[in-house]
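Quick note: residue numbers are just sequence positions, from 1. Note that this is a predicted model, so its numbers are computed, not measured.
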Amino acid sequence: MSRKPVPAQSGDRSRVEVTFDKPQLLPQLFGEFDSNLLMLEERLGVYIHARGQRVVIEGSAEVVAHAREVLQELHSRVIRGEDVDGGLIDAVIAMSSEPMFTGIVRAEPAGGAPKPSIMIRTRKKTIVPRSVTQTHYMRELASNDLIFALGPAGTGKTYLAVAQAVAQLITGSVQRLILSRPAVEAGERLGFLPGDMKEKVDPYLRPIYDALYDCLPAEQVERRIASGEIEIAPIAFMRGRTLADAFVILDEAQNTTPMQMKMFLTRFGQNSRMVICGDPNQTDLPGGPNASGLNDAVHRLEGVEGISMVRFGVGDVVRHPIVGRIVAAYEGEG
């Protein structure tokens, strides 16, 4: 790397040197053509120079300390086998600013590489939290039977729920996955859709399929769907059923009516786990948020024993950083 130093934003000029072990992992940490270090420079306003196993960070004292902490956390994650990309870099930067960061994410058991305090293992990947709220959510997924995950798109609500469901199916703690969402047209008139019922509703359920394929090999997804272990269906198909020994996920729950939500929640059966995901501010129903079964349920069930409410905010968006800024602009927070 050979670039002009980035001017310090505030405070006295500082320079620190960090030496990393496991040199074979440094290409993953630094990125192709040091792209990950360049991103850290841009995000944090520091200058980073790498040579061999040594990294020199220059800038104001406060941001240099922040950059060193982020770089060391990224190195720990590479050791654990995680891929460093822009999303992870932004997530670690955001989490390092939270007071809970050190105690929750960087728990280091004696003897051995650092490990996160919580993770979800599936056939294809090990998933660790990328925000403080995700850490809380993953703990709730592991311990509670009925969870409402509320917040904007891109915060991992549905993805983490599907990953936890797949993990429990693999271990045999549940016998079935039931994944559902309301088939509500988001402002468009789609007209007549050809094909059988599955072909008609699949476009509405595509995000759920995408999460499944990210956690299980494609052939296993297809085999388990064919056998009935995994069922993906619109909410109307849940009427009259009792969902026992199942992990049940309702996605886009803000587009349910109060009667649909009541019907869905009362499907809860023995040895079941249920997660309700949605953004209370983004309903596509004609009556707006006041007509949403999600908002009605949250109002009625807040504080009820055995029901957990996890609320995500703009700062928890783990897609491209611009997504967080877009959400903030639409919600009047940016």
Side-chain angles (χ1 to χ4, degrees), residues 1-22 25-26 28-31 33-80 82-108 113-117 128-136 154-155 312-329 331 333-334:
M1 295 172 64
S2 180
R3 298 179 302 284
K4 293 176 66 177
V6 177
Q9 300 298 314
S10 62
D12 296 331
R13 194 81 180 164
S14 179
R15 182 180 186 275
V16 299
E17 182 176 298
V18 184
T19 301
F20 294 101
D21 56 4
K22 302 184 183 296
L25 298 180
L26 295 185
Q28 297 169 250
L29 175 64
F30 296 166
F33 304 115
D34 294 330
S35 58
N36 293 338
L37 300 183
L38 285 165
M39 183 175 292
L40 283 175
E41 284 189 335
E42 294 169 0
R43 296 285 194 269
L44 299 176
V46 293
Y47 170 68
I48 303 176
H49 176 75
R51 175 168 295 180
Q53 295 175 242
R54 294 184 299 111
V55 173
V56 174
I57 308 172
E58 294 182 63
S60 69
E62 183 179 353
V63 295
V64 163
H66 189 190
R68 177 174 59 182
E69 180 181 19
V70 169
L71 200 55
Q72 289 173 331
E73 172 64 16
L74 290 170
H75 184 247
S76 297
R77 292 186 177 229
V78 170
I79 292 173
R80 297 198 296 263
E82 294 183 52
D83 295 325
V84 177
D85 57 18
L88 180 60
I89 290 171
D90 285 321
V92 170
I93 289 173
M95 293 173 72
S96 66
S97 301
E98 296 283 348
M100 299 172 69
F101 178 69
T102 301
I104 290 180
V105 179
R106 288 171 48 182
E108 300 186 8
K115 296 181 180 179
S117 59
V128 297
R130 289 193 169 193
S131 75
V132 172
T133 309
Q134 280 196 0
T135 303
H136 171 56
T155 51
F312 292 86
V314 173
D316 298 305
V317 173
V318 292
R319 293 178 182 169
H320 192 285
I322 199 170
V323 175
R325 295 195 288 273
I326 291 169
V327 172
E331 294 187 356
E333 298 177 18

message = Contact between Phe20 and Leu25 at the side-chain level, heavy atoms closer than 4.5 Å - yes or no?
response = no
request  = Kindly give the heavy-atom pair with the smallest separation between Ile48 and Leu37, and that separation in Å.
outcome  = CD1-O, 3.9 Å
key: Separation of Glu17 CD from Glu58 CD (nearest 0.5 Å)   = 11.0 Å
message = Taking the side chain as everything from C-beta on, heavy atoms only, tell me whether Leu74 gets closer than 4.5 Å to Val70.
response = yes
ask   = Does His75 reach the side chain of Asp21, with side-chain heavy atoms less than 4.5 Å apart?
value = yes
query = Can you find a heavy atom in the side chain of Ile89 that is under 4.5 Å from one in the side chain of Val84?
reply = yes
message = For the CG atom of Asp85 and the CD atom of Gln28, what is their distance to the nearest 0.5 Å?
response = 12.5 Å
key: Heavy-atom pair of closest approach, residues Gly45 and Val63   = O-CG2, 4.2 Å
key: Non-neighbouring partners of Phe30 that pass ring-ring contact (aromatic ring centres under 6.0 Å, His included), sequence neighbours left out   = none
ask   = Taking all non-hydrogen atoms of both residues, which atom of Ser14 and which atom of Ala61 are closest, and how far apart?
value = CB-CA, 3.5 Å
message = Donor-acceptor pair, distance only, cut-off 3.5 Å: does the side chain of Gln134 make one with the backbone of Thr155?
response = yes
task = For Leu26 and Gln53, work out which heavy atoms get closest and say how close.
result = CD1-CA, 3.7 Å
remark   = Taken to the nearest 0.5 Å, the spacing of Leu44 CG from Arg68 CZ works out to 13.5 Å
inquiry  = Can you give me the closest heavy-atom contact between Leu71 and Leu29, atom names plus distance?
reply    = O-CD1, 4.1 Å
Heavy-atom pair of closest approach, residues Ala50 and Val55 = CB-CG2, 4.2 Å
